[in-house]
Amino acid sequence: MKKIITLSLTVAIIILLLGSVTGFGQVLDEEGWQELFGEQEEYVAENQFGPGAEAFEAELKVFLQAYAPREEKSTDPFKPPQYAWTVEEDYEGMHESVELDIAESGAIEGNYRTWLTTVLTGGKAPEIVWSQEYWCNQNYGPQGLIVDLKPFLELPNPYIKEGIPGREKWKDSFPENALNAMAAPGGEQYMLPGAAVVAPIYYNKDIFEEAGVTPPETWSDLISVSKKIEEAGYLPVAFAGSELTHMNWLFRSATYQVMRDLHEELDIADQPGFITPKEKVIGIEKGLIDPTSDRYKSVWPMMKEWSQYFGDFMGRDLDEAFRLFITGDAAMVWHGSWMIKQIIHDEQRDFDWGGFHFPLITKEENEYASGKIGLVGGPNGAFKYAIPQATKEQGILREAVDFMMFLYAPQNAGPMMVEHGGFIPIIEGVELPEDMADLYESLEPKGEEYEWEQLNFINPGALSLSAQLEDLFVKTWQQYIGGQMPLDQAMMNLKRNQERAAQKMKDQENWDLDEYLN
Amino acid sequence: MQELLKELHKKKHYYLFLIPAFIFLIVFNYYPAGNALYHSFFAWDGVSYEKFIGFENYINMLSDPALIQSTKNLFILWIGRLLTWTIFPLIAASLIFNLKSEKAQYFYRVIFLVPMVVPQIVRILLWQFMYSEHGPINQFLTVIGLEHLARGWLGSFEYALYAIIGVGFPWIVGLNFLIILAGLMNINQSVIEAAYVDGATTFRRFFAIDLPLIMGQIKLVIILTTINVIKGFQLILILTDGGPGYTTTVPGLVMYHNAFNYSMMGYACAVGTILFIVLFILTYINRRFIKTQ
């Protein structure tokens, strides 16, 4: 009897050990498989993901946006991204029955969001597609058009090498605060982050020297610097007033500094340390995020004060603003780190340049100033992708997820991001060349007053609750700054629509917020 | 009824040939329109969420600041377009019609029609450049000593809408020009000769004879222009996206934003339905009250 028991135990231990050694062979049991892939994909017991994946067949269309490859043209100031072709070749080499079609740069013409909405609705989107996370979180996710990738993050990623975080559990490949920053209000992960982005204010060192100024450190400095540059005969700031980007960044940066003190009062529901959409809705219902409050209103006259140095900016778009800077007509332009390569190589630039971050608003300048600067930027750089729900219906979700695992593996994602140079890789295990590491280090803010608003309190004005609210903000901002609408009316407009957006989100997510409101 | 059935049976082959055309018409024209009307009574995101709300979409339109402003803008745009897209093609067509040389007539006709083959997006982007801060219009104003008039035209609260009307200067709209010219060329030569014999000048002849005889064409041009103005928003979407503020927003753009950016497809359908009704009424008024000979 003793012998039988010993033998059985030995066999059981051996089976368990074998199971752990061949752990990548089977990661999902039949129930788990059914939950993720439904009936559209027949259960495979072994080798579900990775190089030896079984019963693996698909044609995958992939759109990589900033990392989409193309041939170099004679007019290119620098070599365009091409590493995706290497990734394509390597993956197809591993999976003979999978055909990849990586769309080239410029393949999507016209308004990208309109195109994406149309193809997702029609079930014709590429199997791996680029999007903005707030489009996914606000629209595509709730509409059931894209896949929640959260369950897959719990699986191992067989493409990540031994010893690098993410191999045992894919989730470990990503900084937790980066995943949180991109998560939907209900916790879904419709997109995976891969890179961080910074948005410094680039400046013309020659103009600054001529005007006798240095990069500003406080809000008053910024106004004074702008004034002196104008007196020296230059356009101080190339601001794009016809589209969301600049007014959004300015509003977020200024509002962060005056709303930061409310962080603790707002951070009461979930994801400690990070103000989630749910907490913003609670904040709106409690009257903490209130456009008609003195705190919220206080930054608007400040923005208007700076706008006098923007020139004739209402009809100006981001491209035009950048052109004014690069040709030496404007002293400053606010832009993203993705423009660094362009600035370095642009033939029209004949001046020395640098970058500084949005300055501090002091208590003397605004009574609500918190002493903290919330920098625009964070873990939502361009390397971020989603998978349409149609892949599940077509029975190729597993193949799409598998390619996503391959794409995000540091030995693939890293070279793609390094080649592009505009966004800072945040995936664990990516190695950066020394000059790139130095450049990013120079843009990294130093000083305890700096925080990444995306990791703490992105969009403190709660504009991102809905696309409609964001558009209304653009119109309201233009009308107020343009002198067409008084401040109180502008704030009342925002408040009304903010409350509507909050209610809609509450209904959509089925939140019961009574415990937080009483 | 029996006679009708007999007749149908006799000519069944003709009707059979018409069936594909009818199917296409129903599937691609009438069904989408009917579907839009149906969904205008729903809160619908265009994909999955659908809830019957009765006339709520229509009631909300009455208090939508974007739609209220866009209606005012549309009226100004409509008047501007009617004047520019009717008068200038009429002038161009009349001038060509009165040329003695046929070769010259042909030459100028081609010159005025060549822009039609240029894709619309190219024309729009060209005008975006024209109106830009350092564009040709501002540069020209600077050169002639009117630098104080130079501005960001598309970003101006006062001038953006008029800048939109200005797009396409000198407004010799190809199709309108062709329709009017065809009407002029259809005028019986004996009528024109009789007018000259009676001592009428070209100018007098134009107002007394040409214009009344091409009223049908003018009416058509007015209808087509009205349809174009009420339905169209692509130009505004690319040039200003309705801004600054709501200065250049039109109802078509409101419909587009609600459908594709806000996932409020039901509301967009309601706006579309109202636009259709307005267009229908205007077309009826045009046909009823502008007399033709």
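All values below come from the heavy atoms of this structure, side chains included, with hydrogens, waters and symmetry mates left out. Convention: sequence-line order gives letters A, B, ...; per-chain numbering from 1.
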Peer 1: Under a 4.5 Å cut-off applied to non-hydrogen side-chain atoms, are B:N261 and A:Q468 in contact?
Peer 2: no

Peer 1: Indicate the atoms forming the closest heavy-atom contact of A:K504 with B:Y262, along with that distance.
Peer 2: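 For A:K504 and B:Y262, the tightest heavy-atom pair comes out as NZ-O, 4.2 Å.
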
Peer 1: Does any N or O in the side chain of A:D312 come within less than 3.5 Å of the main-chain N or O of B:R151, such that one atom is a donor and the other an acceptor?
Peer 2: no

Peer 1: Can you tell me how far apart CG (B:L154) and CG (A:D317) are? Round to the nearest 0.5 Å.
Peer 2: 10.0 Å

Peer 1: Checking side-chain polar atoms at under 3.5 Å, does B:S263 have a donor or acceptor matched by the opposite partner on A:Q143?
Peer 2: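 Side chains of B:S263 and A:Q143: pair found under 3.5 Å.
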
Peer 1: About how many Å separate NZ of A:K475 and CG of B:D241, when rounded to the nearest 0.5 Å?
Peer 2: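 Reported value, rounded in 0.5 Å steps: 5.5 Å.
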
Peer 1: OG1/A:T327 to NE2/B:H134 distance, rounded to the nearest 0.5 angstrom?
Peer 2: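 NE2 of B:H134 is found 7.0 Å from OG1 of A:T327.
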
Peer 1: Is B:Y131 close to chain A through its backbone or its side chain, or both, or neither, when contacts mean heavy atoms under 4.5 Å?
Peer 2: neither

Peer 1: Minimum heavy-atom separation for A:T117 to B:F260, with atom names?
Peer 2: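 Closest approach of A:T117 to B:F260: OG1-O, 3.8 Å.
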
Peer 1: Taking every heavy-atom pair that is under 4.5 Å apart, which of A:G311, A:G144, A:G315 has the most such pairs with chain B?
Peer 2: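 So the answer, after comparing A:G311, A:G144, A:G315, is A:G315.
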
Peer 1: Looking at B:G245, B:G155, B:S156, B:G152, which makes the most heavy-atom pairs under 4.5 Å with chain A?
Peer 2: B:G245

Peer 1: Is B:D45 in contact with chain A via its backbone, its side chain, both, or neither, using a 4.5 Å heavy-atom distance?
Peer 2: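 Contact with chain A: backbone and side chain both.
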
Peer 1: Heavy-atom distance under 4.5 Å to chain A: side chain of B:Y49, backbone, both or neither?
Peer 2: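 For B:Y49, neither part sits under 4.5 Å from chain A.
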
